[in-house]
J.: 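Take this structure, written in structure tokens, and hold onto it; I'll ask about it next.
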Amino acid sequence: MAERSTAAVDVADTSGDEPLTAEAEQATADGVAQTRERDTAAEEEAAETDKSESRGVSSPPELHSGHKLARRYRLEECVTRLDGFSSWRAVDEKLRRAVGVHLLPADHPRARSVLAAARSSALLGDPRFVQVLDAVEENDLVYVVHEWLPDATELTALLAAGPLEAHDAYQLVSQVSQAMAAAHREGLAHLRLTPGAVLRTSTGQYRIRGLAVNAALRGISSETPQRTDTEAIGALLYASLTQRWPYEDDAYGLSGLPKDVGLIAPDQVRAGVHRGLSELAMRALVNDGATASRQDPPCTTPEELVKAIGEMPRIRPPEPVFTAPPEYQRTTYQQGTYGRPAAHPGVTQPVPTPPPPLQSRTGRALKWGVSALLIAALGLGSWQLADALMERENSGDPGTTHTNDGDDKGQPKPAKPIQIENGQELVVGGKAQDPSSVSHTYDKDSASLWRTKTFRDGPRLAPFKAGVGIVYDLGSEQDVSEASVALRYGGDRTKISLYATDSLTPSTDIESMKEIGTATTTSQTLKLKAKKPVKSRYVLLWMTEVPNSPVDGYYGAGYKQAITDVKLKG
């Protein structure tokens with residue numbers, strides 16, 4: 001049987017769960033369903049079996065490796081069998097790719113909720129989540145097919161090797177918080193955000209698996225889903241910083257906190273922990289009060305967590321360590337002793353002293369040649385200077401010079417940089433592109449960016465979408481005359497226009513706005529210059545054409561563009 005790959009499939013893992021009895025969802029003071037973790041898989045499976053028998057849950061169907069679903073999905077390996085459902089690694093023979101499959105009987109008490117959760121998750125279409133590919137009820141079976149990521153590694157495996165670096169932990173909490181904030185805006189919650197549900201791809205991107213589906217498979221629900229997911233993100237950050245689970249019980253291969261100590265800040269558990277990330281973890285975990293060191297309010301929703309991360313100073317990656325190359329070793333041939341008898345062992349071979357520079361016949365000739373050229377150049381310059389003076393004397397206008405007496409009206413003033421104070425994505429029909437990353441276009445960090453979604457047709461976005469863009473707030477009215485936009489993708493082609501508008505949420509359509517300028521580029525830099533400066537406090541950057549770009553991380557191939565830096569001048 002093939003070896004199990006925990007990184008590649010959205011397994012229905014049991015590590016850390018209590019038995020799914022009525023007591024499994026004991027409410028805390030705020031009504032959040034607690035899932036205090038255990039690391040005793042044998043006791044858990046026994047309890048799950050007893051529970052299933054006691055309430056008459058249908059047993060999982062007897063399937064085996066090689067069985068095909070819908071004459072397409074061939075089951076390869078059973079990863080988990082628990083509480084009436086099973087998870088498999090499978091192959092989609094139609095598209096020739098690996099997939100993961102959850103299976104349960106159609107008469108299972110949770111079959112309807114699993115189907116509904118899978119179909120809702122599939123409609124989200126956010127590449128930061130492992131995508132649901134199919135959700136079907138067929139032949140007394142309900143099965144959910146989802147992506148398989150062979151190049152991804154579970155956070156559980158990463159933490160087994162040690163805590164994450166500050167920059168990696170910052171990327172983890174940033175990406176997971178932004179993804180969950182987007183999911184909650186669409187009415188979807190995870191409710192089972194554990195280290196096994198977070199994957200890091202080979203490109204460094206974090207992806208979340210089991211959105212809504214994992215909780216539906218286990219019958220987990222919550223009256224405050226945003227608070228539950230936020231506390232789970234805080235637990236992930238805590239574990240990433242300390243390699244400890246922030247509760248007393250051990251779970252997911254991590255040791256819990258000491259007994260009767262309570263929840264202590266990560267920087268008190270392990271030396272060298274980033275102070276800002278430590279406080280952020282406590283704000284997400286301690287939902288009934290602020291941290292001890294700074295009286296910041298707790299974060300109770302992923303959106304609040306995203307805002308708190310945005311207020312932190314950006315944590316940059318560590319500088320690469322330079323390794324000096326080994327000292328150059330001369331060979332016998334390079335030393336000029338080829339064909340000569342080798343020196344006796346233990347005797348140091350003297351190195352001949354090179355002659356002084358330019359002492360050879362060629363060197364002396366070169367010096368005389370250079371001297372002659374200098375003398376000729378001086379003579380020619382003197383002759384031209386004398387000739388110019390004689391012409392001035394003959395013209396009868398000696399010593400005339402032209403000055404403007406400090407009057408620079410005839411000279412164009414150089415453009416000055418304009419500071420961008422704020423920005424907001426403009427949505428004209430359809431959904432937003434990447435609203436939480438707008439500030440990345442003017443944060444002076446070329447590594448951060450705001451990107452569009454991937455479109456099937458292009459380069460022109462219309463008629464599917466009129467365009468995508470960002471409105472910038474300059475703080476006060478400014479004369480805007482130039483713009484420089486740094487792009488992630490080159491190719492045929494990117495078209496951007498600049499408009500003066502009345503607010504961050506314009507009250508007029510784009511055709512009614514005053515155009516500052518338009519430019520098109522096939523490179524990764526676009527420069528735009530107005531014929532005349534336009535005075536405005538709010539400026540709209542409007543993109544109507546994007547290039548066809550290859551796969552980039554978890555963003556597929558298609559027509560898309562990303563902006564890393566925007567600079568305005570006036």
J.: What closest approach, in Å, do Ser278 and Val273 show between heavy atoms, and which atom pair accounts for it?
T.: CB-CG1, 4.1 Å
J.: Using a 6.0 Å cut-off, check whether atom CD of Glu545 has over 12 heavy atoms from anything other than its own residue.
T.: yes
J.: Name the orientation class of the two ring planes belonging to Tyr252 and Trp245 (parallel below 30°, tilted from 30 to 60°, perpendicular beyond 60°).
T.: perpendicular
J.: Decide, yes or no, whether a salt bridge links Glu154 with Arg209 under the criterion of side-chain N to carboxylate O below 4.0 Å.
T.: yes
J.: Indicate yes or no: at least one non-hydrogen side-chain atom of Val114 is less than 4.5 angstrom from one of Leu217.
T.: yes
J.: Is there a donor-acceptor contact under 3.5 Å linking the side chains of Thr521 and Ser523?
T.: yes
J.: Could you list the residues that satisfy side-chain hydrogen bond (donor to acceptor under 3.5 Å, both in side chains) with Thr522, not counting sequence neighbours?
T.: none
J.: For residues 179-189, tabulate all N or O donor-acceptor pairs below 3.5 Å that involve a side-chain atom, not counting sequence neighbours.
T.:
{"unit_1": "His184", "atom_1": "NE2", "unit_2": "Asp229", "atom_2": "OD2", "d": "2.8"}
{"unit_1": "Arg185", "atom_1": "NH1", "unit_2": "Glu303", "atom_2": "OE1", "d": "2.8"}

J.: Charged N to carboxylate O under 4.0 angstrom, Arg275 versus Glu279?
T.: yes
J.: My understanding is that only residues two or more places apart in sequence, or in another chain, count here; which of them pass side-chain hydrogen bond (donor to acceptor under 3.5 Å, both in side chains) with Tyr559?
T.: none
J.: Tell me which pairs pass salt bridge (Lys or Arg N to Asp or Glu O under 4.0 Å) where either residue lies in residues 555-570, with sequence neighbours left out.
T.: none
J.: Scan for salt bridge (Lys or Arg N to Asp or Glu O under 4.0 Å) pairs involving residues 424-438, sequence neighbours excluded, and state none if there are none.
T.: none
J.: With rounding to the nearest 0.5 angstrom, report the CG to CD1 distance, Asn214 to Ile220.
T.: 8.5 Å
J.: Would you please name every residue forming a side chain to side chain contact (heavy atoms under 4.5 Å, CB included) with Pro317, sequence neighbours left out?
T.: His167
